[in-house]
Amino acid sequence: MKKERILSGMRPSGKLHLGNYLGALSDWVKQQEKYECFFMIADWHALTDRTDTRQIHQDTQDMLIDWLAAGLSPQESTLFLQSQIPEHAELHLILSMITPVSWLERCPTYKEKLEIGQENNYGLLGYPVLQTADILMYKASKVPVGEDQLPHLELSREIARRFNYLYGNIFPEPEPLRYDAVKVLGLDGKKKMSKSYSNEIALSEEPRLIEKKVLGMFTDPRKIYLKDPGHPEECNVYSYHRIFGPSWGKDLDGIFQDCREGRLPCTRCKKDLAQVLIKALAPFRERRKELEANPSELEKILAEGKKAASEVARATSDEVRKAMHISSAQG
RNA sequence: AGGUCCGUAGCUCAAUUGGCUAGAGCACCGGACUCCAAAUCCGGCGGUUGCGGGUUCGAGUCCUGCCGGACCUGCCA
């Protein structure tokens, strides 16, 4: 039986961090077995973030390396760069013609971006339409999404329905593929892990920096003196132990009890955590070094991804043009 | 294209209306405190006032030309 197809993408944000890994990438790695996967580096989407594009190539390289180091496999999945498939832009244009502005103006993400003062340009408003084009292009039946992307996917389904109604049944309505994203707060223990908050630990972080960053983590503010009892259930450091500790044979109950009863100094707790993280990320750092030393390998992977994605995209483009009585781009 | 308003530290804003060394909060860094971190208290870093020209004893402030942005009225497709 043919595997179902999924598509997902990330904006090229450079080197990824633990939050990216736990929140999405680790799930993608797992989905590779079960689904035919298209994973896209969304460099066109990245343009809503920045007008200064000088870093974009390096960010793309860095993210691709992290994907591979984390276990995305070019043998199993199609890894490609959005801007290398111009059909995305074409489909975006076509879909924009049948998408009411009011649908877009009520997207929570759009409203949030405006609230934080992001420039209200055409592209930002149309962001979910481009996303829809990305998904429909490959006729993905499922899309791995986090909580915040659900409204966008709902919009994609509406746009697909509308297109099908107007021009014929071409696009499947994409279903969300929910996963229990492991929520991990940043080092400050207050906001989600993000580069823009400078509270992140990169997957490729050097051991010395991992230790420095972990020692600076926010802890239970009620535990001030060494012998004060802690509240591990509320402590961000313990939540990291709970995520990473088990695979390294850490005695979680022991940490919990000792902290609670004031026998475990935060400093020791943090040093332990740093060691766990350093070990957990060691294979990742190794793999990254190999990939960094081999840029032609990366080029090859993207070239193959481009080829595979192009085939599908051209076919979809032809089908869409035909349905709309517009002449084919292939001549 | 024309009109109105605006541009000051990484961010948000001040500067007695032309007058002393352009200030404050947040952020950041350091110290005290703490087993650490946070909070708090001290201290520090941070500026060619968008760029150029002019008026003046003196310009962030007034005039002018560019650059950049917001809003309004149009023009072309």
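Values reported hereafter were calculated over all heavy atoms of this structure, with side chains retained and with hydrogens, waters and symmetry mates removed. Only a predicted model underlies this, so the values are computations on that prediction, with no experimental measurement involved.
Checking side-chain atoms of A/S317 against main-chain N and O of A/A313 turns up no donor-acceptor pair under 3.5 Å. Between the side chain of A/N199 and the backbone N or O of A/S194 there is at least one donor-acceptor pair closer than 3.5 Å.
Distance A/D188 CG to B/C28 C1': 14 Å, rounded to the nearest Å. The nearest whole Å value for the distance from the NZ atom in A/K190 to the P atom in B/A38 is 8 Å. Rounded to an integer number of Å, the gap from A/Y238 OH to B/A38 P is 24 Å. With rounding to whole Å, A/Y197 atom OH is found 14 Å from B/C28 atom P. If you measure from atom OH of A/Y240 to atom P of B/A37, you get 17 Å, rounded to the nearest angstrom.
A salt bridge does not link A/D188 to A/K190: none of the charged nitrogens lies less than 4.0 Å from a carboxylate oxygen. For the pair A/E206 and A/R285, the salt-bridge criterion is not met [side-chain N within less than 4.0 Å of a carboxylate O]. Checked for salt-bridge contact, A/E292 and A/R287 miss the test: no charged N lies under 4.0 Å from a carboxylate O.
Taking atom C1' in both B/U16 and B/A32, the straight-line distance is 38 Å, to the nearest Å. Rounded to the nearest Å, the gap between the P atom of B/A37 and that of B/C11 is 29 Å. Nucleotides B/A77 and B/G10 have their C1' atoms positioned 42 Å apart, rounded to a whole Å. B/A70 and B/C42 are spaced 42 Å apart, taking the C1' atom of each and rounding to whole Å. Atom name P, nucleotides B/G18 and B/C62: the rounded distance is 7 Å, in whole Å. Of the C1' atoms belonging to B/C33 and B/U40, the separation is 9 Å, rounded to the nearest Å. B/A15 and B/A9 have their P atoms separated by 15 Å, given to the nearest Å. Comparing the C1' positions of B/C36 and B/C51 gives an interatomic distance of 49 Å, to the nearest angstrom.
Atom NZ of A/K306 has 12 or fewer heavy atoms from other residues, nucleotides or ligands within 6.0 Å.
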Using a cutoff of under 3.5 Å, can you pull out all pairs of nitrogen or oxygen atoms linking the protein to nucleotides 41-44 of chain B, with atom names and distances?
none

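By the 30° and 60° cut-offs, the orientation of the rings of A/F80 relative to A/F38 is perpendicular. Aromatic ring orientation, A/Y138 versus A/H88: tilted (interplanar angle from 30° to 60°).
Glycosidic conformation at B/U16 (O4'-C1'-N9-C4 for purines, O4'-C1'-N1-C2 for pyrimidines): anti, more than 90° from 0.
Under the side-chain hydrogen bond (donor to acceptor under 3.5 Å, both in side chains) criterion, A/S239 pairs with A/N236, not counting sequence neighbours. Under the side-chain hydrogen bond (donor to acceptor under 3.5 Å, both in side chains) criterion, A/D228 pairs with no residue at all, not counting sequence neighbours.
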Its contact letters, B for base, S for sugar-phosphate only and - for none at protein heavy atoms under 4.0 Å, make nucleotides 29-36 of chain B read -----SBB
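For A/Y110 and A/Y127, the gap between ring centers reaches or exceeds 6.0 Å.
Within the hydrophobic cluster formed by Ile, Leu, Val, Met, Phe, Trp and Tyr side chains joined at under 4.5 Å, directly or through other members, A/W44 is accompanied by A/L47, A/I56, A/L130.
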Applying the Watson-Crick and G-U criteria (both distances under 3.5 angstrom) with [ ] for crossing and | for other-strand pairs, one obtains for RNA chain B (((((((..((((.....[...)))).(((((.......))))).....(((((..]....))))))))))))....
